[in-house]
Protein chains: 2
Amino acid sequence: MTTMTRVPASRQPETTPLWLKLSSYLVLSDDEKLYLSELEKTIVKQPPRSDLLQQGERYRDVRIIRDGWAIRHKALPDGRRQVVNFVLPGDIIGMYCTLFESADHSVTTLTQVEVASFPPERIGELFRSFPRLAAALAWSGAREEAMVAERLLSLGRRTALERTAHLIVELLRRLSVVNMAADGHFVLPVTQEILADALGLSIVHINRTLRRLRDSGLIELNGQRITVNDVRQLASVGQFDELYLHLIRAPRRLERTFSDNRSPRSGGRDEQAKA
Amino acid sequence: MTTMTRVPASRQPETTPLWLKLSSYLVLSDDEKLYLSELEKTIVKQPPRSDLLQQGERYRDVRIIRDGWAIRHKALPDGRRQVVNFVLPGDIIGMYCTLFESADHSVTTLTQVEVASFPPERIGELFRSFPRLAAALAWSGAREEAMVAERLLSLGRRTALERTAHLIVELLRRLSVVNMAADGHFVLPVTQEILADALGLSIVHINRTLRRLRDSGLIELNGQRITVNDVRQLASVGQFDELYLHLIRAPRRLERTFSDNRSPRSGGRDEQAKA
DNA sequence: CTGGCCGATTAACCTATGTTGTAGCCGCCT
DNA sequence: AGGCGGCTACAACATAGGTTAATCGGCCAG
């Protein structure tokens, strides 16, 4: 709402990345805002290259990333590795911890990361007392799946150049939502090895591919800063269609389905059950 | 439970594939069973090769597959296509229709398919009145994501032979849950083109790969019937680790989180706010 | 200052997989 | 009966991307 600084943004309690992200989906009430900030109360800092979660490990708390980057990845017994997705500020880890016994993937930090965590039991509470907020979190989780499916399309059917372009545009879009990208540039705290693992390529080939993108003037790289000179064109190279990011606001039927029609108090907005 | 026939299994109302699948995760009460069968009341048959959902289309009802196979796939503007997952009896389509405006993928039947459908609004009702059932459905959805992530690992880091072996074992495991596979054989109503699109390979190469699997005696193909002679060995070729299928029963904390602690009776709903 | 390590970069070479084209089979329509 | 379309099968050839190996620069510990 107010113009945003690019600072880690945790001055005012309510503008955490998660809040920003959810707000892009639906307008949150003050109650909801407050409850959300409750969830982000217990905060810890994790050093770079440390595991937030390990494949096979039992799930523990739910974690909210407040600052920094991480990767979600899976490994084969012989060491080959696939990065499933990048975990950015505003993303949630272990949302399914209530449903699954143990994790089928690892999450490892790339930079120093600030995480909030809360016990899984609160999810039940959330669904009961703040159904719209719960719906927004479900949206965030469903979007995650959509991103993985899109990456699958990339690995299966896009060439190395297309994949790489696609990923860059995706990151740009995602980071914009949490005010971490401006005019097409952002910090990409990632080695080429990690890019390779994300795109199913060899490290040498990712290097070649980045070179081609640079040579064609589509992007610039200075250290960890990447600049996209012409987003439209890069998107077209990557056949990027942002439909899968589901960035549009919640459909009207969401209110019908998830509005809290049980507590006339607290939730404060209407009820009027249907059918 | 009782010994199972391989018949479509819809004689007794409660043993639908979805019920079977969810029961493998948690024991459902009679109320829950009943409500589930309510959801499967409106039934329609779809011919083979027809769309249940089209990329870009607005979401409509939630659909439960009761019989037959379909694929969930995404296409690039130039026609290249990736099959994201196979949709089997007991699977659900459009679970996120409340959250998203329009679909980012298509679903197309491979065989004749029997689908039940219900309006998205009932999901809210479900979460309020039958939280354990809702949790089981959430489990099913989360598992879906896990499968896509595992396929991503396949496309990114497994060879054609490994991928193919992996997929076959996965299908075998999934079909077993709904009693559609016995002693390592099942019906695979799929052309090689579709396998190719699922595994990110060319149709010619999938053909070569199946040949290798047959020549090595790991599988047999007779028309659409596939027989896995040695599951252990095939799983080992595909580096298959079923952790990602999350086939184990619900963790204990699920009950703590989702048990309906609001209604001592059955359908009643109400409250006791938190904090 | 210096050695060691990590990551980026490039060249040369190799191979898994893609492409193109042909043939055979089977079921189905007329 | 003939022919057509969809699918499998395979051979021959082409290439995107993998592998290996060498170099270079930056950073840090001693």
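Proteins come first, then strands; the chains are lettered A, B, ... in the order of their sequence lines, and each starts at number 1.
- Ring pair B:H246/A:F100 is parallel by interplanar angle, where below 30° counts as parallel and above 60° as perpendicular.
- Listed in residue order, the members of residues 193-203 of chain A having a heavy atom less than 4.0 Å from DNA chain C come to none.
- Rounded to a whole Å, the CD atom of A:Q192 is 14 Å from the P atom of D:dG18.
- The salt bridge (Lys or Arg N to Asp or Glu O under 4.0 Å) analysis of residues 182-191 of chain B, with sequence neighbours excluded, yields no pairs.
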Could you go over nucleotides 23-28 of chain D and give all protein N or O partners under 3.5 Å, atom names and distances?
none

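- Between the CG atom of B:L110 and the P atom of D:dC7 there is a distance of 11 Å, rounded to whole Å.
- Contacts between residues 148-167 of chain A and DNA chain C, defined by a heavy-atom separation below 4.0 Å, involve no residue at all.
- The terminal axes of the helix from C:dC1-D:dG30 to C:dT30-D:dA1, fitted over 5 pairs per end, subtend an angle of 30° to the nearest 10°.
- For A:Q233, the side chain to side chain donor-acceptor pair (under 3.5 Å) criterion is met by no residue, not counting sequence neighbours.
- With sequence neighbours excluded, the residues forming a side chain to side chain donor-acceptor pair (under 3.5 Å) with A:D51 are A:Q54, A:T108, listed by chain and number.
- A 6.0 Å sphere centred on CZ of B:R214 holds more than 12 heavy atoms belonging to other residues, nucleotides or ligands.
- In this structure, B:R49 places its CZ atom 15 Å from P of D:dG5, rounding to the nearest Å.
- Evaluation of the salt bridge (charged side-chain N to carboxylate O under 4.0 Å, His left out) rule for A:R173 yields A:E242 as partners, not counting sequence neighbours.
- Not one N or O on the side chain of A:K45 forms a donor-acceptor pair closer than 3.5 Å with the backbone of A:E114.
- Within the 3.5 Å criterion, the main-chain N or O of A:R63 finds no donor-acceptor partner in the side chain of A:D61.
- Under the side chain to side chain donor-acceptor pair (under 3.5 Å) criterion, A:R58 pairs with A:E101, not counting sequence neighbours.
- Put simply, CD on B:Q224 is 13 Å from C1' on D:dT8, counting in whole angstrom units.
- Between B:D197 and A:R157, at least one side-chain nitrogen of the basic residue sits less than 4.0 Å from a carboxylate oxygen of the acidic one, meeting the salt-bridge criterion.
- Each salt bridge (Lys or Arg N to Asp or Glu O under 4.0 Å) pair with one or both residues in residues 147-156 of chain A, not counting sequence neighbours, appears once here: A:E150-A:R158, A:E150-B:K74, A:R151-A:E170.
- Proximity of residues 206-217 of chain A to DNA chain C (heavy atom under 4.0 angstrom from any strand atom) is restricted to A:N207, A:R208, A:R211, A:R214.
- Interface limits on DNA chain C: the 5'-most and 3'-most nucleotides within less than 4.0 Å of chain B heavy atoms are C:dT17 to C:dT20.
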